[in-house]
Amino acid sequence: MKILNGIAGAPGVVFGDVLYFNKKIGCSKKMSIDEAVEKSLEKVRKMYDKALSDLGEDKAKIFSAYEMLLEDEMFIGPIKEMIEAGSAPEDAVTEVSESMSAILLKKENEYLRQRADDIRNVGNMIKETLCGADSDFVFPEGNDKYIIAAQELTPVDTMLFDHSRLLGFATKEGGATSHTVILAKSIGIPAVVGVPDLDGTVDLKRAYLDGYSGKFVVEPDEETKKIYDKKVIEEQEFIKSLETIKQNDAYTKDGERIKVAINIGKPSDLNGIENQKFDGVGLFRSEFLYSSSKEKPSVNQQYEAYKKVLDSVYPESVTIRTLDVGGDKQIEYFNVPKEENPFLGNRGIRLCLSNESIFMEQLKALLMAGADKKLKIMLPMVTRIEEITRTRELMEKAKKELELEGVAVSEDMELGIMIETPASAIMSEVFAKYCDFFSIGTNDLVQYIMSADRGNSAVENIYNPYNPAVLRMLNKVINDGAKAGIEVSVCGDLAANADFTEILLGMGLKKFSVPLPMINRIKKKISDINLSSAQELVKEVLSAEDENEVIKIIRKG
Ligand code: PEP
Ligand code: MG
């Protein structure tokens, strides 16, 4: 028996056979460094699109970081210089990526250490492209699931596995915020990372993987088996309790009905969820239609995609968010010049309103798809009332044009906004008069309140949802919405963060919208909460002075 200790990454306890993922970099192909960088860029962009549609924007950002590195002269320049001075290309890539990452690994700062992983991963990717990489890895025949162990799993490797055959991940490298962990969480499997003693000898052995304690127990003895079998059973019971929750509506302990909807990125996200009870789709990000091909999607293509979702969820409602691109995610046919500060630039509703003909096409597709269904149209990045009133005018125009063509349109669709900018949050009392509903986009709201980029780990201690400034803003919006009698939901990541369930309920939130892998955990959490104690908790956290105090209050409960 070997008990390998690592870092608890993603939660869960599983037992199964281990497959060791071994990737050897050969040197059979020959390619210039420019070509290898170009091909790696293509690969990374494809992975971005796959992650965007399978796992959402935040996970896809891992690949934008790789893209930036591949385009960074500070990284690629020294490699080229070494090659010009006579080094073999693969040696130059190893030398530069290893030395740059070694410098970063010595830093105290977690963000910089994380960048060391990125540099090594990107270096390996270039070498694989330069020289050819052999991974003899294939899943054995059948449908059995396996624990994948590896020295390191790049996000590309992780994305390429058949997710239905995965029990969990164990890796020698990586930290608690590594990309393997982020991706494991979104797939819904446990992960243990940073296991120093992990090597290929675990291949084909039986093992327990405990994502709560960070232990990887290989070839357990009888004594240990007993302990871990108990943990696996407890985990299975927890998962089973989620099975009951899965088939029921969500209620708090004291009987208040709370809606829990799901977030999706494309129609196929709804495949296989027949037995899952959920309160409709609270956020359908429509970007995939625009970013999955070079061409602008036709009205008909959009109509088909929206209708598929509206039909399959009916009689529940579907909240479709109009196109939210621009800034850091460019789409060629929008012709947005490169911006100094893209997160404060021409994105979301601003971009749509400055490209009205493209926006009109989306509105038409939405209005057509919503005929006789429950459609809610949601605008992203709203900062001014004018953006809502102008959209309403365009919607009326689109409706009239369609009616003249004899096309049936939605008569009772609702129009609402994401509350994800400080302007809309501060003015939520006024905005409520112009909207049928609010959905709070905490991912962006936190970044704009705290003035800290949501994708930049150098400021991740500042991008902190526990900060009282965020909590006060959430409380204000939820209360303003309730006073105006409109529906308020949260569709950003905070809705799926169990630390915030009680606070949000205590503030009066009646609807959560979360990624599918999280829905039953959140429904279970809701069922364990009493509204009266949740309200007490809110009073306490709202009087806290900083995030540490908030965390202390939450954790003591
Ligand atoms: C948000 O900002 O919280 C949100 C849900 O939108 P996105 O993550 O797509 O920006
Ligand atoms: Mg957002």
Side-chain angles (χ1 to χ4, degrees), residues 48-49 51-64 182 185-186 260-266 269 280-292 318-331 342-352 376-383 387 416-425 428 437-456 460 463-465 467 470-471 473-474 477-478 487-497 500 504 509 511-519 522:
Y48 177 93
D49 291 339
L52 184 69
S53 70
D54 290 359
L55 305 172
E57 191 185 354
D58 277 0
K59 315 300 174 292
K61 281 199 170 150
I62 295 170
F63 298 100
S64 343
I182 295 170
K185 279 186 181 162
S186 40
V260 188
I262 55 170
N263 295 348
I264 62 168
K266 58 186 187 318
D269 289 349
V281 171
L283 168 64
F284 178 6
R285 295 178 163 100
S286 62
E287 291 78 73
F288 88 101
L289 281 163
Y290 293 81
S291 57
S292 56
V318 178
T319 304
I320 303 181
R321 182 176 73 186
T322 58
L323 184 62
D324 186 16
V325 294
D328 59 334
K329 181 67 185 155
Q330 296 295 336
I331 287 188
F343 280 110
L344 302 182
N346 196 7
R347 55 171 300 205
I349 189 66
R350 304 169 183 183
L351 184 65
C352 286
K376 294 169 172 230
I377 298 179
M378 177 156 75
L379 311 179
M381 276 294 292
V382 171
T383 46
E387 291 155 353
I417 60 170
M418 304 268 305
I419 297 281
E420 54 182 349
T421 64
S424 60
S428 54
F437 64 92
F438 287 158
S439 190
I440 308 177
T442 50
N443 307 341
D444 276 312
L445 187 59
V446 173
Q447 89 166 337
Y448 293 124
I449 291 177
M450 300 309 299
S451 305
D453 180 345
R454 65 195 255 187
N456 181 349
E460 73 184 5
Y463 179 98
N464 190 327
N467 189 288
V470 174
L471 298 180
M473 202 77 109
L474 289 172
V477 175
I478 293 170
E487 180 189 84
V488 182
S489 64
V490 173
C491 65
D493 285 357
L494 279 203
N497 180 337
F500 285 84
L504 292 170
L509 192 75
K511 181 173 176 181
F512 294 66
S513 191
V514 301
L516 191 59
M518 290 309 298
I519 189 167
I522 292 302

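In each ligand, atom 1 is the first atom listed, and ligand 1 is the first ligand listed. Worth knowing before you read on, the calculation uses all heavy atoms, side chains too, and leaves out hydrogens, waters and symmetry mates.
Between D324 and R347, the closest side-chain pair of non-hydrogen atoms falls below 4.5 Å. In this structure the side chain of K511 never reaches within 4.5 angstrom of the side chain of S439, judged on heavy atoms. Between D49 and F63, every side-chain heavy-atom pair lies at or beyond the 4.5 Å cut-off. Contact check for E387 versus L379: no side-chain heavy atoms found under the 4.5 Å cut-off.
Proximity of R321 to ligand 1, defined as any heavy-atom pair under 4.0 Å, is confined to the side chain (atoms from C-beta onward). Contacts with ligand 1 closer than 4.0 Å are made by no heavy atom of N263, backbone or side chain.
As for D444, its N/O/S atom nearest the Mg ion (ligand 2) is the one called OD2. The closest approach of E420 to the Mg ion (ligand 2), by N/O/S atoms, is made by OE1.
Listed by atom number, the atoms of ligand 1 under 4.0 Å from R285 heavy atoms are 4 (C), 5 (C), 6 (O), 7 (P), 8 (O), 9 (O).
Within the 3.5 Å criterion, the main-chain N or O of R321 finds a donor-acceptor partner in the side chain of S286.
Residue R347 has no N or O atom closer than 3.5 Å to an N or O atom of ligand 1. On a distance-only criterion, D444 and ligand 1 share at least one N/O pair closer than 3.5 Å.
Using 4.0 Å as the threshold, E287 has no heavy atom nearer than that to any atom of ligand 1.
Each of I262, N263, I264, T319 was evaluated against F284; a single residue qualifies, I264, per the side chain to side chain contact (heavy atoms under 4.5 Å, CB included) test.
Residue contact annotation: D324 places no N/O/S atom under 2.8 Å from the Mg ion (ligand 2).
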